[in-house]
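Fair warning: this is a prediction, and the values are worked out from it, not measured in the lab.
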Amino acid sequence: MGQQGVDDFASWGRDRPGAPFLTDCAASLRALGREADAEAVKLLSEGSLAEAETWFHAAAEQEPAAESPGKFMLAEFLDRHGKDREAEAWYRRAALATDGSHCVLSAAERLGDLLVARREYEEAETWYCRAYYGDDPPGSVERRPLEEGYRPIDFAHRQPGVARKRAANLLAMGKATDADAFLAEAEDYERRNPSRGPAEVVTTAVLTGALVPFLQTLVSKAGEDGYRAARAMIHRWARMLRRSPVPPPEPPGEQAGMEGVVLRVSAHVSNDALRQLADLDFTAIRQTMGNAVEVSWDESSREWKITPVHR
């Protein structure tokens with residue numbers, strides 16, 4: 001079962017006492033010579049959490065610094081059992097490993113998640129980049145190509161989820177332009193490497209306020225190109241925001257207060273509606289109607305309807 005055995009275990013989908021899945025996973029790890037990991041999983045399957053943690057620690061501490069699976073499995077165990085700070089330390093060690101395994105990328109993603117939960121967006125960006133691109137560890141002197149069998153492209157089924165997290169994180173940092181450019185890059189990658197599932201059709205976006213000034217800027221560009229760019233941006237974010245929540249933004253400067261604005265807009269919005277949207281003065285709107293407003297297109301009156309949101 002090799003690396004797949006570790007990856008399956010890391011999902012923690014059935015980590016309850018007596019689960020045959022865990023018993024099978026322990027047998028697979030033992031066959032790989034990972035005795036400490038195997039014993040930890042066996043104890044976990046029996047409900048002996050304290051003893052399992054001891055063995056997970058033993059496996060992680062015996063593992064060479066360049067390897068990641070044992071460290072990642074310990075971090076997952078600690079994370080699942082509410083020991084966030086300890087989990088973070090082991091995710092960090094796994095994410096800095098250089099064995100090029102799937103666990104390195106998963107650890108980097110989990111580390112990014114923990115940092116986002118604390119609104120430490122700048123550092124989260126570093127780890128989401130590593131999770132998505134398989135970049136070298138932060139601070140490394142030379143770029144080290146990952147082993148041929150473990151390049152990020154081999155894990156393309158994971159990348160859309162990491163891409164959405166990174167885009168949301170960039171948006172929370174107030175970098176809407178960077179977030180949209182990255183999301184377009186990720187969308188192009190998905191188009192060239194389609195998943196086996198049915199294509200998702202999204203017609204309406206519910207955009208957060210941090211994106212509204214960026215959309216207005218796109219529309220203000222002269223000619224049809226501006227409208228096409230705006231509709232493409234709406235489509236990208238419609239798909240993204242349906243799947244991933246955006247961390248609470250900390251918008252800089254002129255975007256301050258826009259977190260209370262919600263824009264409902266169709267991916268097929270007309271040029272006229274976009275022109276009107278570009279002319280909306282949200283500073284004045286927030287001053288007269290309050291910071292929390294919902295903006296939606298009223299087809300019958302052919303204008304944007306602005307409704308205060310009472311919280």
State whether the side chain of [X] and the backbone N or O of [Y] hold a donor-acceptor pair below 3.5 Å, judged by distance alone.
X    : Y    : value
Q216 : L280 : yes
H81  : F77  : yes
E109 : Y128 : no
S220 : T217 : yes

Contact check, side chains of [X] and [Y], non-hydrogen atoms, under 4.5 Å:
X    : Y    : answer
L170 : E125 : yes
L277 : L263 : yes
R231 : L274 : yes
V293 : V262 : no
F56  : E76  : no
H102 : F72  : no
W297 : Q276 : yes
I306 : F282 : no

Can you see whether [X] engages [Y] through a side-chain donor-acceptor pair at a distance of less than 3.5 angstrom?
X    : Y    : value
D180 : W237 : yes
W127 : E123 : yes
D272 : S270 : no
N271 : R228 : no

Please name the pair of heavy atoms, one in [X] and one in [Y], separated by the smallest distance, quoted to 0.1 Å.
X    : Y    : result
A179 : A167 : CB-O, 3.5 Å
A131 : L105 : CB-O, 3.5 Å
A186 : A163 : CB-CB, 3.7 Å
A94  : A107 : CB-CB, 3.6 Å
D298 : S300 : OD1-OG, 2.5 Å
L215 : A230 : CD1-CB, 3.7 Å

Distance, nearest 0.5 Å, that separates [atom1] of [X] from [atom2] of [Y]:
X    : Y    : atom1 : atom2 : answer
W90  : S68  : CH2   : OG    : 12.5 Å
R85  : L78  : CZ    : CG    : 14.0 Å
D113 : R118 : CG    : CZ    : 12.0 Å
E120 : L111 : CD    : CG    : 9.5 Å
D188 : L183 : CG    : CG    : 11.5 Å
T126 : Y121 : OG1   : OH    : 15.5 Å

Would M233 and F214 count as a side chain to side chain contact (heavy atoms under 4.5 Å, CB included) if you check the C-alpha gap in whole Å, the side-chain angles of each, and the deciding distance to 0.1 Å? CA-CA 10 Å; M233 175 266 192; F214 177 65; 3.7 Å; yes
Quick check: is V104 connected to L114 through a chain of hydrophobic side chains (ILVMFWY, heavy atoms under 4.5 Å apart)?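 No, L114 does not connect to V104 through the hydrophobic network.
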Side chain to side chain contact (heavy atoms under 4.5 Å, CB included) for D178 and M173? Distances and angles first, verdict last. CA-CA 10 Å; D178 292 344; M173 294 166 66; over 6 Å; no
Kindly write out the residues that satisfy side chain to side chain contact (heavy atoms under 4.5 Å, CB included) with D279, not counting sequence neighbours, or none if the list is empty. none
Go through the structure and list residues passing side chain to side chain contact (heavy atoms under 4.5 Å, CB included) with S296, not counting sequence neighbours.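 Once residues adjacent in sequence are excluded, the partners of S296 under the side chain to side chain contact (heavy atoms under 4.5 Å, CB included) criterion are R264, K305.
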Evaluate side chain to side chain contact (heavy atoms under 4.5 Å, CB included) for L74 paired with H57, printing each intermediate quantity in order. CA-CA 6 Å; L74 171 59; H57 268 287; 3.6 Å; yes
Pairwise salt bridge (charged side-chain N to carboxylate O under 4.0 Å, His left out) hits with a residue in residues 56-67, at least two apart: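 Pairs touching residues 56-67 that pass the test: R34-E63, E63-K71.
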